Visitor: 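Sharing a structure, written as structure tokens. Questions coming.
In this text, all values refer to a predicted model and were calculated from it rather than measured experimentally. Order of the sequence lines sets the chain letters (A, B, ...), proteins ahead of strands, with each chain counted from 1.
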Number of protein chains: 2
Amino acid sequence: MPSSTVENYLKRIYLEQQAEPAGEIVSMKSLAGAMGVTPGTATSMARSLADSRLVAYEPYGGVKLTARGRTLALRVLRRHRLIESFLVDALGLDWSEVHDEAESLEHAISDKLLDRIDEFLGFPSVDPHGDPIPTAAGEVRQAALTALTEVEEGAEVRIARVLDQDEKFLRFVDRHMLRPGTRARVLAHDHAAEAVTLQSGKLPAVTMGRTAAAKIMVELIRG
Amino acid sequence: MPSSTVENYLKRIYLEQQAEPAGEIVSMKSLAGAMGVTPGTATSMARSLADSRLVAYEPYGGVKLTARGRTLALRVLRRHRLIESFLVDALGLDWSEVHDEAESLEHAISDKLLDRIDEFLGFPSVDPHGDPIPTAAGEVRQAALTALTEVEEGAEVRIARVLDQDEKFLRFVDRHMLRPGTRARVLAHDHAAEAVTLQSGKLPAVTMGRTAAAKIMVELIRG
DNA sequence: TAATATATTTTGATTAGTCAAAAATCCCTG
DNA sequence: CAGGGATTTTTGACTAATCAAAATATATTA
């Protein structure tokens, strides 16, 4: 069975592949950066993952998950997201604080317990951040979502997913009632200022920068 | 912070010290046996634990926890036992199957989550096996209990603790309704056969050997 | 108490994961 | 298309945890 280090590399590679779909190839630089290791370490891990047929790797050519690697990565992600959901729903932890906990529990939990949790939660399809929970079979059912930056002025949206696990960002999202599930209206795009203004519930409108807005994915209610 | 390997050694040493109170010193042989490693490994780990002031160790003199080592061991045990309780009470897992799960989760859970679980459970003092849950401060409040082998014939008892985590033994205990909390009557001691006969609820009486009976700790109701 | 059995320690080796820094390669820009 | 900067790989080293097997110490018993 893969060590938790290997599990972490695979998960990271998967997420990086999603993030930069430039041929879906992950460079040693970004892998090393994402894992917080030196580039040399990333290289040697890439070779070792390739030896285990979990990634495709050519020297100087970056790394890409094989089918097996992807399955394993999704299994880790499934654990991570079910654990996050469980901590929020069953134990009342705040969604802004469950990420790190899940990061370590995901390597320690058994399949049996995970299934029990899945059942307990009613087989959810997304976690508290709106991230899709892969199935046990290794599939991801992802609804088509729109980034807040792409939504037209005046549109009514439902927040669906927040693409950043950083505690501070999540608390910002919280403060302005922009959790997944809530409705909001896009009041304005200020292209010069690279800002988006939106409004949720009875709260005063909030203006955020492009990069922040790009991390909030929504469904259109009326566009 | 100690690695999970170190945590496991400390926990084992603590449990071995409890088990064989022959000066409370644990030999390399029993440590190696309990950890499932070779004696040489136990020796080198003993030296390294001693370097970290977690155990007292003299060559050929066995190992014994220092105050710090004991505190750490109890912290691990607290985690283990709270996790077991949680899995049984909150998720409905069977007490016979939670040990291994707790064995790995105990190294991954944060103090914050552990406190939440403790609160959720109502600050229990024993786990589903009747094992005492050390306090966060590192104390063990252990009620005085009697082994089933020491109880007089005819006595009415309440099962309080089962000193064996083995799944098969626990299922045996289950089958005869001898879980912690249940009442039973000691019908007979057969010294020649080294057997104890007891009876719980409306079930037929059960006879078990001395070693099995010694693993069942009880409180006397009427003696 | 000497011989023998048992327990412990030592030695040398291995694996996983890591770093620092040198060397090699790539690729973009002029 | 030739440098030069960026990226990647290599090299050598280190730590934690382990094993096998040889060497040593302790304990038992005859």
Visitor: In whole angstroms, how far is the P atom of dT18(D) from the CE atom of M45(B)?
Guide: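 The answer, rounded to whole Å, is 6 Å.
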
Visitor: dT9(C) C1' sits how many Å from L31(B) CG, rounded?
Guide: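 One finds 14 Å between C1' of dT9(C) and CG of L31(B), rounded.
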
Visitor: List the atom pairs, with distances to 0.1 Å, where a side-chain N or O of residues 209-218 of chain B and a protein N or O form a donor-acceptor pair under 3.5 Å, not counting sequence neighbours.
Guide:
from: K215(B); atom 1: NZ; to: D164(B); atom 2: OD2; distance (Å): 2.8

Visitor: Rounded to whole angstrom units, what separation is found between the CG atom of N8(B) and the C1' atom of dA17(D)?
Guide: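 Whole-Å distance recorded here is 13 Å.
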
Visitor: Would you check if there is a donor-acceptor pair between the side chains of H107(B) and N8(B) at a distance under 3.5 Å?
Guide: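 Yes, H107(B) and N8(B) have a side-chain donor paired with an acceptor closer than 3.5 Å.
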
Visitor: What's the shortest heavy-atom distance between W95(B) and P128(B), and which atoms?
Guide: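 Shortest heavy-atom contact: CE3-O, 3.4 Å.
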
Visitor: Check whether T66(B) reaches the backbone of R53(B) with its side chain - one donor and one acceptor, N or O, closer than 3.5 Å.
Guide: yes

Visitor: Taking all heavy atoms of R78(A) and all of D118(A), pick out the closest pair and write down the distance.
Guide: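 Closest approach of R78(A) to D118(A): NH2-OD2, 3.1 Å.
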
Visitor: Going by the rule salt bridge (charged side-chain N to carboxylate O under 4.0 Å, His left out), which residues pair with K29(B) if we only count those two or more places apart in sequence or in a different chain?
Guide: none

Visitor: Generate the contact string for nucleotides 1-16 of chain D. Rules: B means base contact, S means sugar-phosphate contact only, - means no protein heavy atom under 4.0 Å.
Guide: ------SBBB------

Visitor: Mind calculating the distance between CD (E7(A)) and P (dA16(C)) to the nearest angstrom?
Guide: 16 Å

